[in-house]
A.B. asks: 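I'd like to ask some things about the structure below.
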Amino acid sequence: MALRMWASSTANALRLSSATRPHFSPLSRCFSSVLDGLKYANSHEWVKHEGSVATIGITDHAQDHLGEVVFVDLPETGGSVTKATGFGAVESVKATSDVNSPISGEIVEVNSKLSETPGLINSSPYEDGWMIKVKPSNPSELESLMGAKEYTKFCEEEDAAH
Amino acid sequence: MTSSFNYSTHLIPPRPITSQSTQRPTSQRPTASHHTTTEPNSSLQQTNKRRCKCYDMYKQVVPFAEAWSWQKSIVEERKLLVDGNEDGLDSLIVVQHQPVYTLGTASSEENLNFDIKDSPLPLYQTERGGEVTYHGPGQLVLYPILNLRFQKMDLHWYMRALEEVVIRVLFSAFSLKASRVEGLTGVWVGDKKLAAIGIRVSKWLTYHGLALNVSTDLSPFSRIIPCGIKDRGVGSIKELLIGSNRPSSTSGYHEEGDGKLIDIAHESLLKEFCEVFQLELCHQSVSILRSPDR
């Protein structure tokens, strides 16, 4: 699949193993997809770093647990984000949740389609449901984030505990 | 941690009054700490419960903006702790509000029967989920600030748990059979909504909460489409018990009856809140919230 090929080449570029597939243990309730080549925060946001721009959104695990997203609150282009701090929000089931940025930087683009079609976050959390694009101010922050395998395990442990 | 409220069987029948209730002190002070007394027969049960600070102003009519600002400052303080891998205690604020309309993050102006710039009451755009609602005297509002890491990290569960608190209150204190409606968060008796729910979550810390109509004047609801639901109405405990929400000199129901309903609802809300969330309330002086240091 094209997505898998892209993920592999990015993984190679970042010198990560591309042979890992999402690990679904029989005891796991986490049947959400986790993509290789992305980095993940423990608050369930993902980052795709391509050149000088990093794209950020929430993971399949997150959107699955939220349920239908009815509203997305996004910041303005030109603003800044700080690692582990909220930059926006998503509303589902009368509950609005903060979305935190995995990295710090300047917001260069915001996904305007989400105001009309917030459901893109549910149907395409890693592609059309992207939320903001950021110019990282401190690329080393990416290194402290989780990779696909680590994030999958993190989800399994979190779900098992609750 | 185990919770007495199990999501997978959330339609469990309401609990009968337990023996704990017979050991409460007879004092009816609003800030009675009867929920924190230990009991010889259930000391094991009590020590399993986490403590929760309770700012109980249930007889006071507090401006919405003030209570909103208290919540935000409690949450901000707690987020700092959580970021440092520590945490403080959960909190619960209980108030009545002066008349206001409040909107949630996705609220549509279409659900207002007036121009938003010309609202008949103060109007607040908040960061909670859900649509427009009314708050006013006679309505008990609960703002739990809980860390869901100590409950269940599941927003759906949390909403069902808040509904469960109210469903139990309505049954055990008023013999009213309330229910959930799939897809319509809140607590219903027939096709009338008695309690509205809308929350915000930040790093698994919840705020905003629920509002239960006890003896609320329901007429302000006619200026809005409450919670965006067109074909159902809003009700109150008083209306269901005595058949009318309007004061009537011929009904034999005096104003102090409203106060009594509020007292009963309040006591039951605190009790069921503690049961559902397995918390032990520690009553705090309200002056802490109003201190200039905050």
Side-chain angles (χ1 to χ4, degrees), chain A residues 29-30 32 41-45 58-59 61-75 81-102 104 114-122 131 141 144 151 154-162, chain B residues 1-3 6-7 75-76 79-80 82-85 103-108 125-133 148-163 180 182-186 195-211 227-229:
Chain A
R29 281 170 40 199
C30 177
S32 316
N42 60 11
S43 46
H44 302 285
E45 293 89 10
I58 66 169
T59 65
H61 179 270
Q63 72 77 20
D64 185 51
H65 280 56
L66 279 173
E68 187 195 345
V69 173
V70 299
F71 177 77
V72 183
D73 189 16
L74 290 174
V81 290
T82 310
K83 183 183 167 80
T85 308
F87 68 83
V90 287
E91 180 177 343
S92 66
V93 294
K94 307 251 177 152
T96 299
S97 316
D98 280 11
V99 182
N100 299 306
S101 181
S104 312
L114 292 180
S115 59
E116 280 291 313
T117 325
L120 287 172
I121 290 194
N122 298 113
M131 294 179 75
E141 283 172 341
S144 58
Y151 177 66
F154 175 79
C155 287
E156 286 170 9
E157 284 168 4
E158 205 177 68
D159 281 349
H162 292 268
Chain B
M1 71 162 276
T2 56
S3 166
N6 184 339
Y7 176 50
V75 170
E76 286 311 303
K79 276 207 279 198
L80 289 175
V82 161
D83 282 345
N85 279 327
L103 304 174
T105 44
S107 285
S108 160
Q125 168 68 66
T126 75
E127 65 275 295
R128 63 158 171 84
E131 277 285 350
V132 61
T133 196
L148 291 184
R149 288 181 188 278
F150 294 113
Q151 297 286 339
K152 231 175 122 61
M153 290 161 75
D154 180 340
L155 297 186
H156 299 259
W157 175 87
Y158 181 56
M159 312 291 273
R160 302 293 81 78
L162 289 176
E163 288 165 347
R180 295 178 177 84
E182 174 113 22
L184 299 178
T185 301
I197 290 170
I199 64 163
R200 176 73 181 216
V201 182
S202 183
K203 303 199 176 184
W204 294 109
L205 297 169
T206 68
Y207 55 118
H208 294 275
L210 73 88
C227 311
I229 302 168

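Side-chain atoms are counted along with the backbone in the values below, which use heavy atoms only and exclude waters and symmetry mates. Letters A, B, ... are given to chains in the order of the sequence lines, protein chains preceding strands, and every chain is numbered from 1.
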A.B. asks: With rounding to the nearest 0.5 angstrom, report the CD to CG distance, A:Glu158 to B:Asp154.
C.D. replies: 11.0 Å
A.B. asks: Tell me, for A:Ser43 versus chain B, whether the close heavy atoms (under 4.5 Å) come from the side chain, the backbone, both or neither.
C.D. replies: neither
A.B. asks: To the nearest 0.5 Å, what is the distance between OH (B:Tyr207) and OG1 (A:Thr96)?
C.D. replies: 9.5 Å
A.B. asks: Find the distance between OG1 (B:Thr133) and NZ (A:Lys94) and round it off to the nearest 0.5 Å.
C.D. replies: 8.0 Å
A.B. asks: Please report the shortest heavy-atom distance between A:Ala95 and B:Leu155, naming the atom on each side.
C.D. replies: CB-CD1, 4.0 Å
A.B. asks: So, A:His65 side chain and B:His156 main chain: donor-acceptor pair closer than 3.5 Å or not?
C.D. replies: no
A.B. asks: Any chance you could measure A:Glu91, atom CD, to B:Glu127, atom CD, to the nearest 0.5 Å?
C.D. replies: 11.5 Å
A.B. asks: Is A:Asn100 in contact with chain B via its backbone, its side chain, both, or neither, using a 4.5 Å heavy-atom distance?
C.D. replies: side chain
A.B. asks: Can you tell which part of B:Leu148 gets under 4.5 Å to a heavy atom of chain A, answering side chain, backbone, both or neither?
C.D. replies: backbone
A.B. asks: What part of B:Met153 gets closer than 4.5 Å to chain A, counting heavy atoms only: side chain, backbone, both or neither?
C.D. replies: both
A.B. asks: Please classify the contact between B:Arg128 and chain A as side chain, backbone, both or neither, with a heavy-atom cut-off of under 4.5 Å.
C.D. replies: backbone
A.B. asks: When rounded to the nearest 0.5 angstrom, what is the spacing between CG in B:Asp83 and OG1 in A:Thr85?
C.D. replies: 7.0 Å
